[in-house]
Structures are given as C-alpha cells and as structure tokens.
Amino acid sequence: MSKIPEAQAQELRRLSHDLSNALEIIVQTNYLLGMGNLDENAEQWRNMLSSGVDQVAKLNRELREYVLANS
C-alpha cells in the first residue's frame, strides 16, 4: 500500500484539527446543556446529540491515526 503524499497528509491533518476544534464547541455546549434541568423530551434530544458527537469524535481519531500511520 502506498503512502499518502505529504501535501495531502498535511491538509488532512489540518482538516482533522479544525474538525476537532469545531467538535469541542459542540461537546462543551452539550455538557452545559446537561448541567441544566431538562424535561424528559429535551434530555432525549441531548442524549441523541451526545451519541452523535461521540461517533464523530471517534471517526476523527480514526482518521488522524490512519493519516499518521500512512504518511
């Protein structure tokens, strides 16, 4: 398997970093929402948001690991 060219690897790392920064805003907002008293319906929406954020964060980590291993 060939390595990712350095220019593309750098761009992928930059994009992953920017994605991490955007995700951190969502994670912190979700945390703050959880600190309040939410009704049952709002708590279900917050849990759905948490699940999605966890999935995206995991995918972003996998992307960074892949780029690191292949560049």
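Nothing fancy with the numbering, it's 1 onward along the sequence. Worth knowing before you read on, the calculation uses all heavy atoms, side chains too, and leaves out hydrogens, waters and symmetry mates.
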Joint hydrophobic cluster, Leu49 plus Val27, side-chain heavy atoms closer than 4.5 Å: yes

Sub-4.5 Å side-chain heavy-atom contact between Gln8 and Glu11: no

Result of checking Leu68, Asn60, Leu59 against Ser16 for side-chain contact (heavy atoms from CB on, under 4.5 Å): Asn60

CG on Leu19 to CZ on Arg14, rounded to 0.5 Å: 11.5 Å

Side chain to side chain, Gln28 and Glu24, heavy atoms closer than 4.5 Å: yes

Gap separating the CD atom of Glu43 from the CG atom of Asn37, nearest 0.5 angstrom: 10.0 Å

Residues Asp54, Lys58: salt bridge by 4.0 Å N-O rule: no

Residue pair Asn30 / Val53, side-chain heavy-atom distance below 4.5 Å: no

Non-hydrogen side-chain atoms of Ile4 and Tyr66 separated by less than 4.5 Å: yes

Heavy-atom closest contact (Ser20 atom, Arg64 atom, distance): OG-NH1, 3.3 Å

Sidechain-backbone polar pair: Ser51 side chain, Asn47 backbone, donor-acceptor under 3.5 Å: no

